Asker: 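Could you have a look at this structure, given as structure tokens, before my questions?
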Amino acid sequence: LESQGLSELAACADEPALRGWNTKFFGDKGLVKAALAGIGKVAKDQRATFGQEANRVKVALESAYATALDAAKEVALQASLSGPGLDVTLPGRTPPRGRLHPATQILRDIYRIFGDLGFQIYRSREVESDELNFELLNMPPHHPARDMWDTFFTTTPGAILRTHTSPGQIHVMREQCPKPIRVILPGMCYRNEAISTRSEIQFLQVEGLVIGEGVTMADLKGTITAFARRMFGPERQVRIRSSYFPFTEPSIEVDIDWPADDPNRDRLTKGTGWLEILGAGMVHPTVLRNGGYDPDKVTGFAFGMGPQRMLMLKHAIDDIRLFWQNDLRFLGQF
Ligand code: FA5
């Protein structure tokens with residue numbers, strides 16, 4: 001066994017071959033182990049001699065292996081040192097940098113602007129009751145205005161995905177009553193509507209609510225205009241139209257003019273040149289009452305805006321669906 005081992009070891013050309021040799025001789029099913037196991041068949045009086053001899057062979061093979069392995073490593077090291085050099089001046093590979101989603105960026109812009117105007121930020125739930133999403137907002141069951149919002153229902157009776165952030169108004173009023181209120185409520189909304197370049201079934205809204213003594217329509221106009229100037233710059237036009245919502249009276253909608261030099265202007269604004277960004281109005285007395293306030297003592301205004309529509313306006317984005325498709329070629333531009 002000793003001479004077989006030494007001659008096979010000498011024939012190993014490199015480290016992998018040496019490791020193979022080691023397995024063959026010293027592995028679990030190796031030759032050395034098998035030879036040592038043969039001690040049982042040796043006559044009793046010769047066992048001591050056999051054991052000593054076996055051990056000597058084992059140690060001899062082990063040390064020969066260690067020497068050969070060291071030598072092979074040294075050869076490999078010398079080869080790599082004298083081989084072609086490593087060019088440390090080559091430019092590295094830049095790892096891709098993560099960044100904030102454009103929706104997160106515009107939400108932060110909105111928070112900053114309203115924060116400067118003295119608003120607090122509130123969160124409200126995405127799964128709502130029919131009562132808060134509709135009834136307490138002055139839309140009893142079967143009220144025709146419910147059709148303005150195509151609702152996603154759940155298998156739990158009365159539990160729906162909120163179609164707008166307006167139910168948050170009731171939550172804040174009931175929590176703060178009778179104190180004055182100046183808050184925004186950002187969050188995701190869901191509508192079972194036809195997806196198009198301007199409408200998604202899942203989209204962001206930011207609700208605003210101000211309640212106090214002597215709050216007027218002029219405060220609403222001033223707040224919205226100040227916001228639009230800061231968000232879009234002083235050169236962009238703001239248009240206020242009269243509108244209808246069951247929970248505000250009077251109600252308005254606000255449009256921003258699409259950049260005149262953008263070739264997509266007509267297509268995205270249906271030829272009008274304007275894109276609607278929000279609905280608003282003076283809080284309906286019934287809604288104030290549902291929130292616990294006395295409409296004879298306080299008044300308020302509310303608005304609900306679409307941050308993604310505003311992103312489209314800011315960057316001339318021609319399709320709202322791009323936001324949630326997670327295509328890095330699109331997202332990487334912001
Ligand atoms: C509402 O949802 C009202 N709750 C807004 C409101 C709040 C009025 C408080 C009065 C007082 P509307 O359905 O128009 O209104 O939606 C408001 C804004 O959300 C729109 O101007 C638009 O910017 C955005 N929006 C609405 N539907 C979608 C959609 N499918 N995809 C993307 N943005 C949308």
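Every number for a ligand or one of its atoms is a count from 1 in the order of the listing. Here the structure is a predicted model, which is why all the values come from computation and not from measurement.
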Asker: With R146 as reference, evaluate D130, N133, T151 under the side-chain hydrogen bond (donor to acceptor under 3.5 Å, both in side chains) test and give the passing residue.
Answerer: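 Passing option: D130.
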Asker: In terms of side-chain heavy atoms, does H171 have a donor or acceptor partner in E128 at a distance below 3.5 Å?
Answerer: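 Yes.
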Asker: Judged by modelled atom types alone, do Y190 and E126 share a side-chain donor-acceptor pair under 3.5 Å?
Answerer: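 Present: a donor and an acceptor within the cut-off.
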Asker: Show which side-chain atoms of residues 327-334 pair as donor or acceptor with protein atoms under 3.5 Å away, not counting sequence neighbours.
Answerer:
residue : atom : partner : partner atom : Å
D327    : OD1  : R329    : N            : 2.9
D327    : OD1  : R329    : NE           : 3.2
D327    : OD2  : R329    : NE           : 3.4
D327    : OD2  : R329    : NH2          : 2.7
Q333    : NE2  : R329    : O            : 3.0

Asker: Once side-chain hydrogen bond (donor to acceptor under 3.5 Å, both in side chains) is applied, do any residues pair with E2, and if so which ones, sequence neighbours excluded?
Answerer: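 Result, side-chain hydrogen bond (donor to acceptor under 3.5 Å, both in side chains) vs E2: R56.
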Asker: Identify, chain by chain and in numerical order, each protein residue with a heavy atom under 4.0 Å from an atom of ligand 1.
Answerer: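 Ligand 1 pocket, heavy atoms under 4.0 Å: W149, H164, S166, Q169, R191, E193, R198, S199, E200, F203, Q205, E207, F245, F247, T248, E253, E276, I277, L278, G279, A280, A302, F303, G304, G306, R309, I320.
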Asker: With a cut-off of 3.5 Å and sequence neighbours excluded, list every side-chain donor-acceptor pair involving residues 107-119.
Answerer:
residue : atom : partner : partner atom : Å
D109    : OD1  : R112    : NH2          : 3.3
Y111    : OH   : R123    : NH2          : 3.4

